[in-house]
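Working notes, structure below.
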Amino acid sequence: MPYQKYWLMKSEPTSFSFEDLVRSKKSTNHWDGVRNYQARNYMREMRVGDKVLFYHSSCDEPGVVGLAEVMRTAYPDHTQFDPADVHYDPKATRDRPIWDMVDLRAIKPLRGPAGLDVLRKTKGLEKMVLLRRGSRLSVQPVSRKEWEIIVRLGG
DNA sequence: GCCAACGTTGGC
DNA sequence: GCCAACGTTGGC
């Protein structure tokens, strides 16, 4: 396998939670709805086997709740073509898709969820994209060390 | 290409 | 619900 990378992906648990991923067939599902170019471009960099921190946002306890891995590299997000979908993009066509998604498989939940408050206080995570002021990217790169620290936090 | 207005994100 | 920070849009 080529060089393996680490990522963090945000989801609002009310729309799609880590538990939803676990309950999916083969614990695998597609990650649709990304509508930000930088986040999309990061997804395009993903390779099968890359590891992902699954983050819950806009909820009572925001934080990393589970580990996942990339099962399929970027391919067109079907929701961009569907006028009935909230993520519909009239500028996208089947011939010229704009937005991509990847498939993820749940590896395991973190026993002690690594809450945002905890992450902020944890040594070695000072430079995490997630913790940068004003950072809103829903798909972000994570360093190997950051990954290891957070996995250790989660037991 | 500038930039004001507007929309979205996401913690609190 | 508030609001800071950021991204996008569109007139010029």
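Not measured: the values here are computed from a predicted model. Here is the naming used below: chain letters follow the sequence lines, and residue numbers restart at 1 for every chain.
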Just list the side-chain donor-acceptor pairs under 3.5 Å for residues 147-155 of chain A, sequence neighbours left out, or say none.
none

Run the side-chain donor-acceptor check on residues 111-125 of chain A: report pairs under 3.5 Å with partners two or more places apart or on a different chain.
| from | atom 1 | to | atom 2 | distance (Å) |
| --- | --- | --- | --- | --- |
| A:T122 | OG1 | A:V118 | O | 2.7 |

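- Evaluation of the side-chain hydrogen bond (donor to acceptor under 3.5 Å, both in side chains) test over residues 12-26 of chain A, restricted to residues two or more places apart or in two chains, returns A:S17-A:D20, A:D20-A:R23, A:S24-A:N29.
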Taking only N/O atoms, report every protein-nucleotides 7-12 of chain B pair under 3.5 Å with atom names and distance.
| from | atom 1 | to | atom 2 | distance (Å) |
| --- | --- | --- | --- | --- |
| B:dT8 | O2 | A:R136 | NH1 | 2.6 |
| B:dG10 | OP1 | A:K10 | NZ | 2.8 |
| B:dG10 | OP1 | A:R136 | O | 2.7 |
| B:dG11 | OP1 | A:Y55 | OH | 2.7 |
| B:dG11 | OP2 | A:S58 | N | 2.9 |

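- Within the structure, the side-chain hydrogen bond (donor to acceptor under 3.5 Å, both in side chains) test picks out the following pairs touching residues 79-92 of chain A (sequence neighbours left out): A:R35-A:T79, A:D77-A:T79, A:D89-A:W99.
- Remark: A:F16 pairs with no residue by the ring pair (Phe, Tyr, Trp, His ring centres under 6.0 Å) rule, at least two apart or across chains.
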